[in-house]
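Okay, so here's the structure we're looking at.
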Amino acid sequence: MKMFDPHIHMTSRTTDDYQAMADAGIVAVIEPAFWLGQPRTHAGSFEDYFLSLVGWERFRASQFGIKHFCTMGMNPKEANQTELADAVLALLPTYLEKEGVVGVGEIGYDDMTPGEDRVFRRQIELAIDAELPILIHTPHRDKLRGTERTIAVLKEMGAKPERVLIDHNTEETLPLTLDGGYWAGHSIYPKTKMDEPRMVALVQRYGSERMIINSAADWGVSDPLKVPKTVKAMLEAGISEAAVETIVWHNPVQFFAQSGRLTGIEVEPRIDQRQLFEGNSVLRGQTPRVES
Ligand SMILES: [Zn+2]
């Protein structure tokens with residue numbers, strides 16, 4: 001089964017991860033712009049990060065046969081420094097036009113501060129102007145209230161539910177997300193927030209329509225193989241192959257295809273490790289692998 005991990009921060013992961021993901025059937029990923037574990041102090045740091053998402057990281061993925069797309073945005077964790085946030089917001093329109101940028105995200109609330117609110121609203125406007133789908137980060141603390149407020153703001157700003165993916169859902173928030181007509185993302189973590197058995201139960205109860213799963217793997221305790229592991233758990237629990245394929249392939253493809261930029265997604269990847277990115281390869285002198 002072809003699998004899509006539509007939320008993973010590959011910048012923080014190793015080439016072993018890429019190889020293991022490809023071996024497990026993952027053929028495409030989306031890397032949302034997010035924070036890096038500590039606040040950046042210059043807009044230029046964001047710009048170089050955005051450039052790496054459409055440059056080096058996309059190349060690295062290609063070297064293991066994985067299609068890499070990204071979403072661009074100013075994350076809520078760094079939205080409270082007004083001057084810096086304004087400088088990043090000014091950069092965003094240029095980066096939202098780039099090839100392979102399939103949405104605005106991940107955006108939303110962390111602590112629900114006035115600064116977060118301002119940056120969130122401005123980016124909803126940018127997404128509507130750029131005609132791009134929106135990827136929403138819901139807060140990990142006070143998640144229900146954060147999700148309610150997110151939905152209220154999305155409605156107020158006129159964002160169409162079918163163009164919004166609300167991520168990091170739990171049992172508590174999923175009914176709100178689905179009832180609102182939004183797409184529902186679930187991040188499967190090793191120990192917290194959501195795991196394979198709970199995800200199986202959610203699919204058994206709510207079905208596969210508008211349901212999406214991801215690993216949200218990054219620099220923290222996380223697992224880049226959570227999509228294939230959850231696929232296995234769903235199949236073992238008797239969920240039909242068609243429903244599982246809808247969740248891990250057709251749904252993310254359908255959602256992000258609304259950007260008009262999910263190009264080449266159905267094309268079988270071809271690995272050619274003789275390729276270079278600006279003169280550099282990932283090989284460190286190894287013999288390049290070339291597959292036809
Ligand atoms: Zn994330």
Side-chain angles (χ1 to χ4, degrees), residues 3-14 17-18 21 26 28-40 45-46 49-50 52-54 57-58 60-61 66 68-79 88 92 95-96 100-112 116 119-120 123-124 127 132-143 146-147 150 164-170 173 177 182-195 199 211-227 229-230 248 251-252 255-256 259:
M3 296 176 212
F4 203 140
D5 189 341
H7 186 151
I8 184 163
H9 302 284
M10 292 310 299
T11 300
S12 308
R13 311 300 311 192
T14 63
D17 289 338
Y18 269 127
M21 290 162 68
I26 294 174
V29 297
I30 291 173
E31 176 151 8
F34 198 48
W35 82 310
L36 301 178
Q38 73 176 51
R40 280 160 278 202
S45 307
F46 281 86
Y49 173 64
F50 294 160
S52 74
L53 294 183
V54 294
E57 204 52 50
R58 186 177 295 167
R60 245 169 41 102
I66 293 179
H68 180 285
F69 302 90
C70 64
T71 64
M72 293 284 183
M74 173 75 175
N75 69 84
K77 284 264 196 193
E78 287 169 298
V88 177
L92 275 174
Y95 286 92
L96 293 179
V101 176
V102 294
V104 174
E106 50 191 300
I107 61 171
Y109 293 113
D110 182 54
D111 257 344
M112 294 189 270
E116 290 174 22
V119 170
F120 180 34
Q123 293 185 98
I124 297 171
L132 285 173
I134 298 173
L135 174 62
I136 298 285
H137 165 90
T138 52
H140 295 300
R141 298 174 303 275
D142 210 355
K143 186 177 279 291
T147 306
T150 300
V164 179
L165 167 52
I166 298 182
D167 214 336
H168 314 315
N169 278 283
T170 61
T173 57
T177 301
Y182 301 95
W183 294 75
H186 305 80
S187 301
I188 320 295
Y189 291 97
K191 294 187 178 77
T192 54
K193 296 160 190 171
M194 178 56 63
D195 60 20
M199 193 63 225
M211 296 281 270
I212 288 174
I213 61 168
N214 58 69
S215 70
D218 59 10
W219 34 257
V221 176
S222 49
D223 178 353
L225 297 181
K226 278 299 185 188
V227 169
K229 286 177 183 175
T230 308
V248 299
N251 283 351
F255 178 77
F256 285 102
S259 66

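Bear in mind that the values here come from a model prediction, so they are computed numbers and not experimental data. Each ligand, and each atom within it, is numbered from 1 in the order the structure gives.
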Tell me, do F256 and T71 make a side-chain contact under 4.5 Å, heavy atoms counted? yes

Side chains of E31 and H68, donor plus acceptor under 3.5 Å: yes

For T177, side-chain hydrogen bond (donor to acceptor under 3.5 Å, both in side chains) partners two or more places apart: N169

Ring pair (Phe, Tyr, Trp, His ring centres under 6.0 Å) partners for F255, two or more places apart: W183

When you compare the side chain of M199 with that of M211, does any pair of heavy atoms fall below 4.5 Å? yes

Got a sec, which residues hit ring pair (Phe, Tyr, Trp, His ring centres under 6.0 Å) with H168, two or more places apart in sequence or on another chain? H7, H137, H140

At distances under 2.8 Å, what protein N, O or S atoms surround the Zn ion (ligand 1)? H7 NE2, H9 NE2, E106 OE2

